[in-house]
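Below is one structure, written out as structure tokens; the observations come after it.
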Amino acid sequence: MHTIQEVAPGILSVGADDRRLALFENLFPLENGVTYNAFLILDEKTALVDTVDASVARQFLENLDAALAGRALDYLVVNHMEPDHCAGIADVAARWPAAKIVGNKKTFAMIRQFFPEDLSSRFHEVKEGDTLPLGKRTLQFVTAPMVHWPEAMLALETKEGILFSADAFGTFGAGNGNLFSDEMDYEALYLDEARRYYTNIVGKYGQQVLATLAKLGDTVPSLICPLHGPVLRGKAIPFLLDKYKHWAAYRPEKKGVLIAYASIYGHTESAVRAFAAMLAKKGVTDMRVFDVSKTHCSHLIAEAFKYSHLALAAPTYNMHLYNAMDTFLRDMAHLNLQNRKAAIIGNGTWAPMAHKAIASMLGEMKNMEVVGEPLVLLSSMKASQAGEMEALADALAASLACE
Ligand code: FEO
């Protein structure tokens, strides 16, 4: 059964949901699935904006057939060549042999890399600012290099200001029937997953995201059609644009503390509980505590982008740092996280090194400030160290107060 929804007169959503996939990119857990959006414009010419992942190809092709209702496809616009969106190119090209494939130079190099079929005679190349007239509607292209692939581009429908935004403004999470963000509690349903999606997948490329947002200038689209998640309409648009400005500039969204700890036998965990309670007693609010061995790193990254302060606690392992904390810190560095303030607690039984390793890894990131003196535990927290912990909690509370 086809599942087509109307985005605007003559613009249809023809994508599909995948609730079976366990790991997006074979990496990120999907608790609530994911959508792969594709959009069909029916005008004097017909244009499909992107395709979908191979896992939902059958549903997508059924949708597309029904939406075209016997019309030929004139253009396949390829805004992004990652296979979760480009997997259907060869099938669509074969089914509608007269369709031109619209992309930029880098798009076409990737089509040649991914597909054995020679589609080059059908390429219709566009550059920054070029337009594609379809009849009443026209698409204008905005290149978005390294958001988060080099060929990425956005297409702005100029009549109503509808932005086909590729991966930008997308989110994990399958659909729930309603297509538009203003038909649901978008913030409750999707904000955490939009943050996890952005920070883990695009997070490294903040500068490029800001450059692309700058190209849009003061244009506030009437609708944003991302390749994952709901179509954005109404207050979700300025809301998410503001979030993107924070995330892309590595500015915290919220004054608060992400307390992330690793603990092998529970001694570091016990110290962290005492530290969190001490912070609470000092009036610190908005804290989230996570065991880095239990919580997938992608969630930790999203929280680290959200909060202004970090408290990182871990035992020594192999004369360095416990693996899960090491992974979290490396991921923070890979994703360019910066401008955070962090308190450190390290543990070790005979040669404590964890506090030094955390400080050193933070030191390799941009503008990461270590707050107070790291608290060093020898196997477990002792009552005699309460003063040291108190001083660290004071330093963190004071730093929060200055935020
Ligand atoms: Fe959803 Fe970059 O692919």
Side-chain angles (χ1 to χ4, degrees), residues 13-39 48-57 59-60 76-90 92 101-104 106-111 113-115 141-155 163-175 190 192-209 211-213 224-232 240 243-244 247-248 298 301-302 305 331 334-336:
S13 171
V14 293
D17 294 310
D18 186 348
R19 284 191 161 77
R20 294 185 175 195
L21 185 67
L23 296 174
F24 185 79
E25 295 187 0
N26 220 0
L27 192 57
F28 304 110
L30 286 179
E31 284 86 2
N32 297 301
V34 66
T35 58
Y36 302 106
N37 292 327
F39 300 95
L48 173 66
V49 182
D50 290 298
T51 72
V52 295
D53 188 79
S55 62
V56 295
Q59 179 71 66
F60 160 71
L76 166 55
V77 174
V78 182
N79 277 338
H80 186 25
M81 273 302 294
E82 197 163 6
D84 56 330
H85 309 295
C86 82
I89 288 178
V92 169
I101 301 172
V102 182
N104 56 59
K106 288 174 185 161
T107 317
F108 298 145
M110 289 184 186
I111 290 180
Q113 286 174 212
F114 275 113
F115 296 97
F141 297 97
V142 178
T143 60
M146 294 318 297
V147 181
H148 59 132
W149 276 33
E151 88 303 350
M153 59 183 194
L154 320 180
L163 182 66
F164 297 94
S165 64
D167 270 338
F169 308 109
T171 179
F172 293 132
Y190 290 103
D192 285 347
E193 286 294 73
R195 183 188 299 107
R196 185 165 72 100
Y197 179 84
Y198 173 87
T199 56
N200 285 277
I201 291 170
V202 189
K204 180 181 177 69
Y205 303 104
Q207 223 173 2
Q208 291 84 348
V209 171
T212 302
L213 290 177
I224 296 181
C225 300
L227 289 177
H228 302 286
V231 170
L232 302 172
L240 212 53
K243 294 292 178 201
Y244 264 59
W247 299 335
S298 61
I301 287 293
F305 269 74
D331 225 12
H334 290 156
L335 292 166
N336 243 336

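Ligands are counted one by one from 1 in listed order, and the atoms in each one are counted from 1 as well. Residues: numbered from 1 along the sequence shown.
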Can you give the angle Asp167 OD2 - atom 2 (Fe) of ligand 1 - His148 NE2, rounded to 10°?
-> 90°
Using 30° and 60° as the class limits, which term best fits the ring planes of Tyr197 and Phe172: parallel, tilted or perpendicular?
-> perpendicular
Would you confirm whether Tyr36, through its side chain, and Asp84, through its main-chain N or O, come within 3.5 Å as a donor-acceptor pair?
-> no
Any donor-acceptor pair under 3.5 Å from Asn37 side chain to Gly229 backbone | yes
Examine all N, O or S atoms of His80, backbone included, and report whether one is under 2.8 Å from atom 2 (Fe) of ligand 1.
-> yes
Find, among atoms of Glu82 that are N, O or S, the one nearest to atom 2 (Fe) of ligand 1, and state its name.
-> OE1
How are the rings of Phe305 and Tyr198 set to each other: parallel, tilted or perpendicular (split at 30° and 60°)?
-> perpendicular
Quick check: does Asp84 put an N/O/S atom under 2.8 Å from atom 1 (Fe) of ligand 1?
-> yes
